[in-house]
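The structure appears below as structure tokens.
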Amino acid sequence: MSQSWSTTGQQSLRKGVSLRPGNPVSTSWLMSLEPKQMPVQYILGEWDFQGLSLKMVPPVFIPRRETEELVEWVLEEVTQRSRVVRAQGGPLILEVGCGSGAISLSLLSKLPQSQVIAVDKGEAAICLANENAHRLQLQDRIRIIPLDVTLEDSWAHILPWGPVDLIVSNPPYVFHRDMEQLAPEILSYEDPVALDGGEEGMDIISHILALAPRLLKDSGSIFLEVDPRHPELVGSWLQSRPDLFLNLVTVRRDFCGRPRFLHIQRSRPQRGCPADAWPVLQPARVAG
Ligand SMILES: C[S@@+](CC[C@H](N)C(=O)[O-])C[C@H]1O[C@@H](n2cnc3c(N)ncnc32)[C@H](O)[C@@H]1O
């Protein structure tokens, strides 16, 4: 099981809660909380992600520190690509499973030309993502759509807004058998639908990969946060689906050195020179 899912409260205190003057919540009181008690992010009602203050409401998933690394990687790649092709505007990004909107809104705030389509099957997540988009005045560049990506033809609901340059997701990826090992406050307060990825944590990942070729521009990219066991599983899964024309090009490690982030690229190039394409395929590599 990925260690990152083990706790929210104490980890959050280490990360640094913004206890403002006049805030009635004291650090010592927060430290004394029993593990089963409400995560501090829900108690405070807001949480920092990539410098943005996001409203937090249970049971919507609390954004984790490693997901900030995923965002940073996407930003690096977008910046690099813009430099290579001198692209103006864009990119158009699809986020699957937006939760509170943490990934989408932080990308929008750092990429002033970008637009995002954010989908989630949870009603509470859709409401909160909308509220956070308005709080941050980013609502004009994001379309938040209630959608279950496991439903047949789900891609058809997104296609009118696409095709997209990249897909990003921190999907539910916990192996079902690992769910009971999660910290009590996670199990008590966060939506299990945000966490449980099925038998091998691949249920939603495989649906994202299966619908990606219909939604991605040629040479478009997918960035995923996953469990350390997934790079191998996803690699094998993609080999069994050559019809998708998707290649695992880079595996990146998190701050603890665990292989946690995947860059998958669509490999069927457009005829002619795709001026807006992502850099050409490279052999799969594990980055630090
Ligand atoms: C791990 S949370 C990530 C939330 C947010 N992106 C973040 O990183 O803080 C996964 C999200 O996927 C959503 N989700 C789960 N199954 C889904 C499905 N079949 N279709 C769309 N969204 C789904 C959950 O509701 C949850 O908000």
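Atoms within a ligand are numbered from 1 in the order they appear, just like the ligands themselves. Hydrogens, waters and symmetry mates are skipped; everything else that's a heavy atom, side chains included, is used.
Under 4.0 Å from ligand 1, not a single heavy atom of Ser169 appears. Contacts between His207 and ligand 1, counted as non-hydrogen atom pairs separated by less than 4.0 Å, are absent for every part of the residue. If you look at Ile204 next to ligand 1, the close heavy atoms, those under 4.0 Å, all belong to the side chain.
Backbone and side-chain nitrogen or oxygen atoms of Asp191 are examined, and none is located within less than 3.5 angstrom of a nitrogen or oxygen of ligand 1. The N/O atoms of Ala102, backbone and side chain alike, include none that comes under 3.5 Å of an N/O atom in ligand 1. Considering backbone and side-chain atoms alike, Ile62 places every N or O at 3.5 Å or more from each N or O of ligand 1.
Between Glu46 and Arg135 there is a salt bridge, since a side-chain N of the basic residue sits under 4.0 Å from a carboxylate O of the acidic one. For Arg229 and Asp178, the salt-bridge test passes: some basic side-chain N is under 4.0 Å from an acidic carboxylate O.
Apart from Leu128 itself, the hydrophobic cluster it occupies contains Val57, Val60, where clustering links Ile, Leu, Val, Met, Phe, Trp and Tyr at side-chain heavy-atom distances under 4.5 Å.
For the pair Ser100 and ligand 1, no heavy-atom separation below 4.0 Å is found. Not a single heavy atom of Glu225 lies less than 4.0 angstrom from ligand 1.
Around atom 10 (C) of ligand 1, the closest heavy atom drawn from Ile208, Leu195, Asn170, Thr150 belongs to Asn170. Ranked by closest heavy atom to atom 13 (C) of ligand 1, the top entry among Val168, Val96, Thr67, Asp120 is Asp120.
For the residue pair Asn132 and Ser100, no side-chain donor N or O sits within less than 3.5 Å of a side-chain acceptor on the partner. For Glu77 and Trp73, the side-chain atoms include at least one donor-acceptor pair closer than 3.5 Å. With hydrogens and angles left out, the side-chain atoms of Arg260 and Tyr173 include a donor and acceptor closer than 3.5 Å.
Using a 4.5 Å heavy-atom threshold, the side chains of Glu72 and Gln50 count as touching. Put simply, the side chain of Leu70 reaches to within 4.5 Å of the side chain of Val168, judged on heavy atoms.
Close contacts between ligand 1 and Leu147 involve ligand atoms 20 (N), 21 (C) [criterion: under 4.0 Å to a heavy atom]. Applying the 4.0 Å criterion to heavy atoms of Gly99 picks out, from ligand 1, the atoms 4 (C), 27 (O). Taking every heavy atom of Asp148 and a limit of under 4.0 angstrom, the matching atoms of ligand 1 come to 18 (C), 19 (N), 20 (N).
By the 30° and 60° cut-offs, the orientation of the rings of His263 relative to Phe223 is parallel.
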